[in-house]
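Before any comments, here is the structure.
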Amino acid sequence: MRLVTDIRASGAPARAFLAMGLFWGIFGAYVPAIKAQVDLGDAAFGGALFLAAFGAALSMILGPWVDRQLGRWAMSVSAGLMAVCFVVPGLVTGWWPFAIAMLFAMGFTGVLDVIMNTRVSQIEAETGRSLMNLNHAIYSFAYGLAAILAGVARGQGLGAAQCFLIAALMTLALCLGMRHHPAHQAPEETVTKPRLPHMLLLMAGLVTLFAFMSEQAVDNWSALHLERMFDVRAHESALGPAILGLTMGIGRLSGQVVLQGWPEGRVLRMAGALSALGVLIGVWAPVLWLAYLGFALFGLGVSVTGPMALAWVGKVVPPHLRAQAISRVVMVAYAGFFFGPPMLGVLSEVFGLRIAFTVIAASLASITLVLVPMLRHLARSGGQGDASDAPAPDPV
């Protein structure tokens, strides 16, 4: 019953998480087909994603502004535009058309992500319930199910554009249910105090950056890795991103139910270690079932990293600064979400896909070994690296 109550409490943003999961799950399953359609090598394909990612990351600056301007319609409009734009990459050929199409699809994804995470954090503050893991679990389950169905559809000869169009129609149907009023804005004279803990937000952003970078890298390249290493068919390679999505959903749902009250730092350290181990097993496995197991362990580990960091930021800052703070963290984090796949493409072209994934594993290990200890220090010193501000909650 508690889970049902939590779902009802965050119904509007939950629909946005669901819609976003549909599109990225389909994209993950169709990467080999889209890559062949646009006729690009690893580095060129990664470079097109990088160009799109650069502009898309900048679009996140617009998230708080769009939220203020559109109010209760902000999620609905952003999700609708994302849905329409995602159909185009399934239709184009060539480097520039693909890069521009992905720029718009990623751009509206980024704007929507800032808004929907801000709304979840707002609802958490209003209700006193922990909801971030639940909503990210909804994204992951939608992503995993979409990847499985898209893999089957691809195996039956259905094109990427047709699959994206079906998801777009479903999303447009969900948009009316995404209406949600933003938090009341404090008067202007009170907004200037206290100031944001910039260094602390940067470190939280880096934690989430490495999580999203690895998530998108495995999402966009695991199917290709499985086809190259094990010569599997389309529906078997689609199990790579599908397993990732499903295990991330399980991990986040467990985080919603089991990890209530656990210190965020402890969870982040365990998650970083498990996800790094999972990546290494997944890409160096000599047999297919062990690769699947590795991606499953990675999904369980990385699942709670981003939501825990974002939920904690929502607790640290005052309500009237929450949208601004989360947009800063998400902007840093989604540099990884968007830059992960192109970076992996360049590394794969030069060193091979396994070495590229090993670099991803090293970044995840740094969460446990470097970033969480730095967050502990910043939290205890007030968030700026010194003792000049009011103490922030200790994430450890």
Side-chain angles (χ1 to χ4, degrees), residues 20-60 82 85-113 143 146-147 150 154 160-161 163-164 167 208-228 237-238 240-241 244-245 279 283 330-353 355-357 359-360 363:
M20 190 177 292
L22 291 178
F23 286 102
W24 284 109
I26 293 170
F27 185 80
Y30 269 94
V31 159
I34 293 173
K35 186 171 176 292
Q37 170 189 308
V38 296
D39 193 24
L40 299 176
D42 286 0
F45 186 74
L49 291 177
F50 181 84
L51 179 67
F54 183 76
L58 295 179
S59 74
M60 291 179 187
M82 176 192 71
C85 289
F86 248 110
V87 178
V88 182
L91 297 171
V92 298
T93 58
W95 194 91
W96 277 105
F98 174 69
I100 293 172
M102 288 305 300
L103 168 64
F104 281 96
M106 288 181 170
F108 287 114
T109 296
V111 171
L112 176 62
D113 203 280
Y143 169 92
R154 181 185 160 213
C163 214
F164 281 132
T208 319
L209 183 153
F210 289 147
F212 289 170
M213 179 177 70
S214 60
E215 176 187 336
Q216 281 303 99
V218 174
D219 169 8
N220 290 351
W221 292 88
S222 59
L224 196 62
H225 166 72
L226 293 173
E227 290 189 9
R228 287 180 178 177
S237 68
L244 169 64
V279 170
V283 299
V330 170
M331 185 175 176
V332 174
Y334 273 75
F337 187 86
F338 294 128
F339 295 162
M343 184 193 75
L344 204 71
V346 174
L347 289 174
S348 174
E349 186 83 9
V350 177
F351 301 106
L353 201 49
I355 297 299
F357 271 117
V359 173
I360 295 294
S363 70

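Worth knowing before you read on, the calculation uses all heavy atoms, side chains too, and leaves out hydrogens, waters and symmetry mates. Since the structure is predicted, the reported quantities are computational estimates derived from the model, not experimental observations. Numbers here simply count residues along the sequence, with the first being 1.
- Screening L244, I26, L22 for a side chain to side chain contact (heavy atoms under 4.5 Å, CB included) with Y143, the sole residue that qualifies is L244.
- A distance of 4.0 Å separates CZ in R228 from CG in D42, rounded to the nearest 0.5 Å.
- Using a cutoff of 4.0 Å between basic side-chain nitrogens and carboxylate oxygens, K35 and E227 are not scored as salt-bridged.
- Residues A147 and A29 approach most closely at O-CB, 3.6 Å, considering heavy atoms.
- Aromatic ring pairs are classed by plane angle as parallel below 30°, tilted from 30° to 60° and perpendicular above 60°; the pair W24 and F86 is perpendicular.
- Nearest heavy-atom pair, A52 versus M106, reported as atom, atom and distance to 0.1 Å: CB-SD, 3.9 Å.
- Atom CG of L91 is separated from atom CD1 of I34 by 10.0 Å, given to the nearest 0.5 angstrom.
- Taking 4.5 Å as the limit, every side-chain heavy atom of I360 sits out of range of all side-chain heavy atoms of V283.
- For the pair A33 and R154, the tightest heavy-atom approach, listed with the atom from each and the gap, is CB-NE, 3.8 Å.
- Nearest heavy-atom pair, M213 versus S363, reported as atom, atom and distance to 0.1 Å: CE-OG, 3.4 Å.
- Between G21 and A146 the shortest heavy-atom distance is O-CB, 4.3 Å.
- Closest non-hydrogen pair, V279 versus F357, comes out as CG1-O, 3.3 Å.
- Of the possible donor and acceptor atoms, none in the side chain of W95 sits under 3.5 Å from a partner among the backbone N and O of L40.
- Note that CG of L224 is 8.5 Å distant from CZ of F45, once rounded to the nearest 0.5 Å.
- Ring pair Y30/F164 is tilted by interplanar angle, where 30° to 60° counts as tilted.
- Not one N or O on the side chain of Q37 forms a donor-acceptor pair closer than 3.5 Å with the backbone of T93.
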Next on the checklist: Let's go through I100 and V92 carefully: what are the C-alpha distance in whole Å and the side-chain angles of both, what is the deciding distance for side chain to side chain contact (heavy atoms under 4.5 Å, CB included) to 0.1 Å, and is it a yes or a no?
Outcome noted: CA-CA 10 Å; I100 293 172; V92 298; over 6 Å; no
